[in-house]
Every structure is written in C-alpha cells, then in structure tokens.
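Presented below is the structure to which this report refers.
Throughout, a chain's letter reflects where its sequence line sits, starting with A, and its residues are numbered from 1.
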There are 2 protein chains.
Amino acid sequence: MFSQTVEYALRAVVQLAIHAPKPQKTSDIAEATKVPNAYLSKVLQGLREKNIVCLQRGVGGGVTLAKPPEELTILDVVNAVDPIQRITTCPLDLKAHGVRLCALHRRMDDALQSMETAFRSTTLAELLQDPNPSVPLCDRNQQPIMQLTSLLSSPASAPNIPDLPPNANPESRPDVV
Amino acid sequence: MFSQTVEYALRAVVQLAIHAPKPQKTSDIAEATKVPNAYLSKVLQGLREKNIVCLQRGVGGGVTLAKPPEELTILDVVNAVDPIQRITTCPLDLKAHGVRLCALHRRMDDALQSMETAFRSTTLAELLQDPNPSVPLCDRNQQPIMQLTSLLSSPASAPNIPDLPPNANPESRPDVV
DNA sequence: GTGTAACAGGATAGAGTTATCCTGTTTTGA
DNA sequence: TCAAAACAGGATAACTCTATCCTGTTACAC
C-alpha cells in the first residue's frame with residue numbers, strides 16, 4: 001500500500017530528526033535505515049525539491065531537516081515523495097457524478113481522507129517522544145523506569161525482554177471487526 | 001494509493017452486484033465500467049481464483065458474483081486482487097523491535113488498519129442502497145423524492161442538478177485538521 | 001591551489017504493473 | 001455434429017518503480 005520510496009523517505013527523516021540539527025551523511029543514513037545508498041540519494045533529492053531536507057556538499061556537509069521536527073508531519077514527507085491522491089472527481093468521468101462521488105468512490109476517498117488526517121496529526125517530534133519501548137531505527141528497547149531502577153539496584157536480575165513469537169503481538173490494538 | 005487493478009476490480013463487482021444474479025459478459029462489464037476489455041478479463045480471472053466471482057464459458061455464460069452482494073465486502077475484493085499488507089513485524093528486521101512496532105511503523109499500520117476496517121464495514125449491497133444521488137457506474141442522478149414529486153406535478157420546473165465547480169465539493173465531509 | 005569530502009545527476013538495468021493481441025478451449029443450442 | 005458464444009491463457013510490449021554505477025560538481029581545510 002505504501003511504496004518503498006515512502007518507507008525509505010520516512011526512515012530517513014526520522015533518522016535526521018533523531019540527530020537534528022546535526023547534519024548526517026547520506027551514507028550514514030543509508031546504513032542506519034538499511035536503505036540502499038544510491039537509491040536513498042535519489043529519494044533525498046526528491047525531499048530537497050519539496051523543501052523537506054537541505055543537502056550540503058563538501059567536507060562537513062550532509063543532510064539536515066529543512067524545518068524543526070516539530071514542524072514536519074508524516075504527511076509532509078509522504079506527500080513530498082508519493083502524494084496521497086484524494087479522489088475529487090469521478091474516476092469514470094461520468095458527467096452526472098462530477099464532484100459528487102458515488103457510494104463506491106465516496107468510501108474509497110473516505111479511507112484516503114482518514115489516512116491523510118492520521119498522517120497530518122503526527123509530527124516527527126511526536127514520533128520521537130512516543131513512549132513505545134521500540135525506538136525508531138534503533139535496535140534496542142527503552143527500559144521502562146521501573147525496570148531501569150531495578151536494573152540499577154540489582155543488575156543480575158535485569159529484565160531481558162525476549163522476542164515474542166510472531167502471533168503474540170501484545171502491543172497492537174485489537175482489530176475492530 | 002490504490003492500484004488501477006483494485007479500482008477496476010471494484011467497478012466490476014459493483015456492476016455485477018447491480019445486475020445480480022444475472023450473468024454479465026466480460027465485454028459488457030468492460031464497457032459499463034470503462035475498463036480495457038482484455039485487462040478486465042485478467043482481473044476477473046484473479047477474482048475467480050479468490051472465489052469472488054464465477055466465470056462460465058459458452059453461450060449464455062458470463063460473470064456472476066460467487067456470493068450474494070450482502071456477503072461481499074469491499075475488503076474482500078481489495079484483498080483478492082491487491083491485498084492490504086498490514087505491518088506486523090519491523091520492516092528493518094530490528095531484533096529489538098520484532099512484533100513491537102516502533103512509533104513510526106505503529107502509526108503506518110494504524111492507518112492501514114483504519115482503511116481495512118472501513119473497507120470491511122461496507123458490503124456491495126450497502127453500496128447500492130446508499131442514498132447518494134450519484135449511482136455507481138451510472139451516468140445519471142437519482143431524483144430525490146421531493147424533487148421527483150415536484151417533477152411529476154410540474155415537469156417544467158424539474159430541478160436540473162448542475163455540475164459543480166471542482167472546488168465546491170459539497171458532498172464531502174469537512175477535512176478534520 | 002590542491003586534495004579530499006560529499007552531494008549531483010545521467011545512464012542503465014531488473015522487476016512489477018498495466019495493457020494488448022491472438023489463438024485455444026469449453027459450453028450451449030440448433 | 002456443427003457453429004457460435006464466451007472465457008482461458010500465453011506472448012508480448014509500454015511504462016513505472018526500484019536500484020546500481022560512474023563521473024561531475026561543489027565546498028572546505030590546509
């Protein structure tokens with residue numbers, strides 16, 4: 001549903017947000033985000049054209065966010081590389097429909113709108129402040145305060161959060177059927 | 001965001017639902033839905049493999065829905081041709097994340113889930129019962145009861161719903177920002 | 001100015017999506 | 001049995017997306 005390019009772009013800007021405002025080299029972002037280096041370079045050029053990032057050549061250069069993480073939403077990034085195309089007029093060009101979508105296209109556009117709204121509501125800064133124990137792009141878990149305390153007081157009993165089997169999925173919300 | 005194939009498949013099954021349970025020829029569906037005939041044939045073969053439609057060769061044959069419109073949801077059709085792929089494990093394969101998605105992928109999957117839920121909540125039958133004046137695949141507007149009455153009593157003053165300019169969009173819900 | 005760091009951008013290629021064409025197979029009914 | 005109707009399916013092509021490679025250009029430090 002989301003293109004590879006969107007996924008890559010989001011990973012890259014999250015990595016930039018983590019280190020903002022320090023510039024990051026494309027190759028370092030590529031490594032951290034597991035995105036092919038040469039392709040990431042193209043994606044970043046696209047982001048620059050849409051004023052999401054700044055690219056600086058030469059020694060000490062690299063990539064930076066064009067705005068502070070508080071002012072960049074997921075939607076800004078998504079729309080920069082692979083815009084969510086809302087359905088505004090009848091895809092069949094039926095004259096009688098025009099901008100009054102039929103039930104089918106109304107529902108399809110509603111789905112697009114809900115996605116757009118969700119993406120617009122989250123900034124990069126909010127992503128980083130999320131209390132989720134999995135830190136974006138970082139292969140470790142945050143230790144909750146309680147566990148951190150016990151870790152400090154008795155290192156031997158440090159909780160070791162195990163990987164869960166693929167079907168356990170304790171963090172996800174139950175599917176509304 | 002939605003592939004052409006999904007759009008085509010949805011148009012086709014709506015057309016089948018409109019005429020259910022009467023079989024429709026592929027060529028007739030193609031014409032009504034403005035989908036390339038030969039390509040629609042491939043799409044329908046995909047829908048048959050997923051038991052969404054039945055295809056019958058020979059004189060009097062054609063395409064029918066494999067279930068009544070009340071039992072087919074938009075999601076059934078979408079997943080048959082271009083499945084909504086939920087994010088269940090970390091796309092970067094970070095060991096520490098596993099099935100506990102980070103904030104970024106959690107939000108992306110939430111968006112996918114809301115789309116999935118919306119599509120699962122609407123059957124083909126409900127699409128056809130929608131009071132929306134634009135009838136799916138049909139290039140005319142239903143006359144609301146009031147207007148129909150006035151039409152019958154005084155044909156000369158029959159309201160003629162004009163096409164609206166692209167930005168007026170009176171039917172769409174206001175965008176929640 | 002010279003060398004190095006780092007992005008810029010064109011050429012190219014593989015895979016997937018969308019689309020077309022043509023021939024084969026099945027089914028029905030006269 | 002034969003002919004027509006209608007789908008089946010292989011071959012192929014255009015286009016887009018994803019990805020790689022290589023050379024050029026810019027910026028900084030010395």
Side chain of [X] only, heavy atoms from C-beta on: which candidate in [options] is closest?
X: A/K42; options: C/dA19, D/dC21, C/dT18; result: D/dC21
X: B/R57; options: D/dA6, C/dT18, D/dT18; result: D/dA6
X: B/V59; options: D/dA5, D/dA6, C/dT18; result: D/dA5
X: B/Q56; options: C/dT20, C/dT28, D/dC28; result: C/dT28

Just by modelled atom types, is the [Y] backbone N or O under 3.5 Å from a matching donor or acceptor in the [X] side chain?
X: B/D76; Y: B/T73; result: yes
X: A/E71; Y: A/P68; result: no
X: B/R11; Y: B/T33; result: yes

It should be established whether [X] places a side-chain nitrogen or oxygen under 4.0 Å from OP1 or OP2 of nucleotide [N].
X: A/Q45; N: C/dG9; value: yes
X: B/R48; N: D/dG9; value: yes
X: A/Y39; N: D/dC17; value: no
X: B/T5; N: C/dT18; value: yes

Gap between atoms [atom1] and [atom2], on [X] and [N] respectively (whole Å):
X: A/N37; N: C/dA6; atom1: CG; atom2: P; result: 12 Å
X: B/L55; N: D/dA6; atom1: CG; atom2: P; result: 14 Å
X: B/Q4; N: D/dA14; atom1: CD; atom2: C1'; result: 15 Å
X: B/L44; N: D/dG9; atom1: CG; atom2: C1'; result: 14 Å
X: B/L47; N: D/dC7; atom1: CG; atom2: C1'; result: 14 Å
X: A/L40; N: C/dA6; atom1: CG; atom2: C1'; result: 13 Å
X: A/E49; N: C/dC7; atom1: CD; atom2: C1'; result: 14 Å

Determine whether the side chains of [X] and [Y] contain a donor N or O and an acceptor N or O closer than 3.5 Å.
X: B/N37; Y: B/S27; answer: no
X: A/T122; Y: B/R107; answer: yes
X: A/Y39; Y: A/T5; answer: yes

Problem set entry | A/V6 vs A/G60, nearer the 5' end of DNA chain D by closest nucleotide |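 Per heavy-atom nearest nucleotide, the more 5' residue is A/V6.
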Problem set entry | Heavy atoms from other residues, nucleotides or ligands near CD of A/Q85 exceed 12 (cutoff 6.0 Å) |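 Atom CD in A/Q85 is not packed in, count stays at 12 or less.
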For this session: Tell me which residues in residues 15-32 of chain A put a heavy atom below 4.0 Å from DNA chain C, sorted by number, or none.
Result: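 DNA chain C contact set from residues 15-32 of chain A: A/Q24, A/K25, A/T26.
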Exercise. Heavy atoms under 4.0 Å, any strand shown: does A/S41 hit a base, just sugar-phosphate, or nothing?
Worked result: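 Nothing, no nucleic acid heavy atom in range.
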